[in-house]
> 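Input: one structure, supplied below.
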2 protein chains.
Amino acid sequence: MTISDIAKELGITPSTVSRALSNSTRVNEKTRLKVQLVAQRMGYHPNVMASSLRKGTSGTIGMIVPRINRHFFSNVICGVERIVNPAGFNLLIYQSDEQHDKEVLGLQTFLKNRVAGIIISLASDTDDYSHLQQLSGMGVPLVQFDRVKDDLQGAKIVNDNFNGAYLGVKHLIKSGYKRIAHLAGALHLNVYNERLNGYLAALKEIGMGYDDRMIVTNVITRDAGADAITKVIDAGADAVFCAGDYSALGAMLEIKKRGLIIPDNIGVLGFANEPFAEIMSPALTSVEQNAFEIGNRAAQAIIQMIEKKDATINTEEVVPVRLIVRESTIKNNCLTF
Amino acid sequence: MTISDIAKELGITPSTVSRALSNSTRVNEKTRLKVQLVAQRMGYHPNVMASSLRKGTSGTIGMIVPRINRHFFSNVICGVERIVNPAGFNLLIYQSDEQHDKEVLGLQTFLKNRVAGIIISLASDTDDYSHLQQLSGMGVPLVQFDRVKDDLQGAKIVNDNFNGAYLGVKHLIKSGYKRIAHLAGALHLNVYNERLNGYLAALKEIGMGYDDRMIVTNVITRDAGADAITKVIDAGADAVFCAGDYSALGAMLEIKKRGLIIPDNIGVLGFANEPFAEIMSPALTSVEQNAFEIGNRAAQAIIQMIEKKDATINTEEVVPVRLIVRESTIKNNCLTF
DNA sequence: TTGTAAGCGTTATCAT
DNA sequence: ATGATAACGCTTACAA
């Protein structure tokens, strides 16, 4: 079922059919209608591979995320689709599984498919960026979000991680906690680095200073959270700011297991506001990221770059975050709050 | 950067380069190595659009899910990728958002992209199947999973919904609950229909009979769960089997709000074993679906159909489920358990 | 307004 | 083992 079939059926040429179907002005209104009718009737579906081969560009945008089943990432995906689909693009989604190798593999697939642009959030594993560096030279637009590498060409959309952490820790301080620990992530990733800095800034502001034993790094998973919390409790922590909700979850379960009370003995603050944060008891105070908005902006950025055919811009947008205060950080006997 | 560029560079013809790159036997070993080296050095990426246009088929598999951010679906996606990527296919993912129109739109995009096959779980909204009926005639393999329409051509991979419901309700009965309600889903979907039947079968087996007021349909969301639970409590329910964890969640929150105790006053059983089920307090008893396995099987099925070039098979595989018993269904004063 | 024809990058067929 | 050539389905100058 091709354009030529329709042409034969109507006794006209393929070019006219092509024009009729692509809503060109260089075609008689009657012809257009006839063609579109016949196309419909014959169950014609344009072959976009032929079309994009000819046009030299595909209407596909490639997106690489570390994990599809994280609330944050799946919602960014939704945000991207919301913009990208009505604009006539479709999304090819790849999971890197936090692995650099898979990230490279996905990228190569995208290049083979001549995607119009690439949206990515880096795998935690990735510390070599050559696969991404080549893109601007090839004229392939790149948009990074959340986990970004600063000196790569392209747009960057990030959360206000610093401020989220800062606000959260300030809140802990106001709630009366005195020795606030931090379960940090992998510090080579901007997101965790910035959260650490926000934490430090909040402490510094009130002259609290910081204690090495109060900071544990590379704590991202639930299990790691459970392990790490014991260390900081032993070091005398009465509150903990976790760089992610999963580590916060692990910490909370471990704290309960030890018979301590949240928030009275220990306050817990998370980051990401995963759906379970609200449901837990006590409900987990967390920093909400506007995933959908990030997706929207990433989509707008990539579409703009595609339309301007410019892969060499270098912008950064910071999306605000919001502290959601719940039970896990409000002492029942707290007077200062 | 094309095959011809490489050919010129080496002073040979495009055909030889093509053969060298596709590991054909009809090429000298030395030539192959030379070609592959140069391709590497020049940063060549094959143009799959040209290739699939020529070959008449793309290496892309299209997948449509109602929602990407449901634990079940995102894990099915992982399961599909696990099989499909190593086999040299890539996955185009679409969300229908439970809307028939978006489902049709996604399908059309797939057809335009000449996908090699389509994997789908139906939108709850879908009750017209003509967009899917046309596929087998077009030679496009279709695999349905979870939410399936029986009389469509193609493979079907489903959960053992009946048995999951049956086991769950039997467990409620053993736990000593006497008046078991059911918050059912949309009954035109096989999954909810089968769960209802499993519920009825378990009741029937012990001669419990059923009470109209004990069954509320179209309860899928958290809010709907909260609404519906009050109805069945008023009708005297002392336990509720929810067709999904989200409605169970809504029900539990509402029950707590009313000052009733789970599981002592009311037992709650869910379905899907979403991650939050384990975390809630009391932890929610739920039926676990093996999403990853379903994804694996769906992938294997579609690959088989693609390789056999047969879109007209009609098989159904039932994947077993598992009841995960937690606190929400075990009365503290229960002697019968 | 419509037709003609070339070409996008590949691969398959045929010939050498 | 390699080369020449046509074709996949579409778009787009250019010509009519």
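Lettering of chains follows the sequences in order, A, B, ..., and the numbering in each one begins at 1.
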> Can I get a per-line list of side-chain donor-acceptor pairs under 3.5 Å for residues 37-46 of chain A, giving both atom names and the distance, sequence neighbours left out?
none

> Does either side chain, that of A:T13 or that of A:S15, offer a donor lying less than 3.5 Å from an acceptor on the other one?
yes
> So B:V104 and B:D128, side chain to side chain contact (heavy atoms under 4.5 Å, CB included) or not? Walk me through it.
CA-CA 10 Å; B:V104 173; B:D128 170 26; over 6 Å; no
> Considering heavy-atom distances to DNA chain C, does A:G11 or A:R114 have its closest nucleotide positioned more toward the 5' end?
A:G11
> Using five base pairs at each end to define the local axes, how bent is the helix from C:dT1-D:dA16 to C:dT16-D:dA1, to the nearest 10°?
40°
> If you look at every strand shown and take non-hydrogen atoms under 4.0 Å, does A:T13 touch a base, only sugar-phosphate, or nothing?
base
> Looking only at the side chain of B:K55 (C-beta and beyond, no hydrogens), which of the listed nucleotides C:dG9, D:dT12, C:dA12 gets closest?
C:dA12
> Is there any side-chain hydrogen bond (donor to acceptor under 3.5 Å, both in side chains) pair reaching into residues 292-309 of chain A, and which pairs are they, with sequence neighbours excluded?
A:E293-A:R297, A:R297-A:E317
> Donor-acceptor pairs are to be reported for all side-chain atoms of residues 64-72 of chain B against protein atoms at under 3.5 Å, with residues two or more places apart or in another chain.
| from | atom 1 | to | atom 2 | distance (Å) |
| --- | --- | --- | --- | --- |
| B:R67 | NE | B:D97 | OD1 | 3.3 |
| B:R67 | NH2 | B:D97 | OD1 | 3.3 |
| B:H71 | NE2 | B:N75 | ND2 | 3.1 |

> Tell me, with the steps shown, if A:N314 and A:K156 meet side chain to side chain donor-acceptor pair (under 3.5 Å).
CA-CA 8 Å; A:N314 208 325; A:K156 289 160 208 86; 2.7 Å; yes
> Tell me, which pairs form a side-chain hydrogen bond (donor to acceptor under 3.5 Å, both in side chains) where one or both residues lie in residues 51-62 of chain B, sequence neighbours left out?
B:T60-B:N90
> Among residues 14-33 of chain A, which residues get a heavy atom nearer than 4.0 Å to DNA chain C?
A:S15, A:T16, A:R19, A:R26, A:V27, A:N28, A:T31
> Consider the side chain of B:L53, meaning its heavy atoms from C-beta on, and name the nucleotide among D:dG3, D:dG9, D:dC10 that approaches it most closely.
D:dG9
> D:dG3 C1' sits how many Å from B:L10 CG, rounded?
15 Å
> Quick check: closest heavy atoms across B:E103 and B:S121, and the distance to 0.1 Å?
OE1-O, 4.5 Å
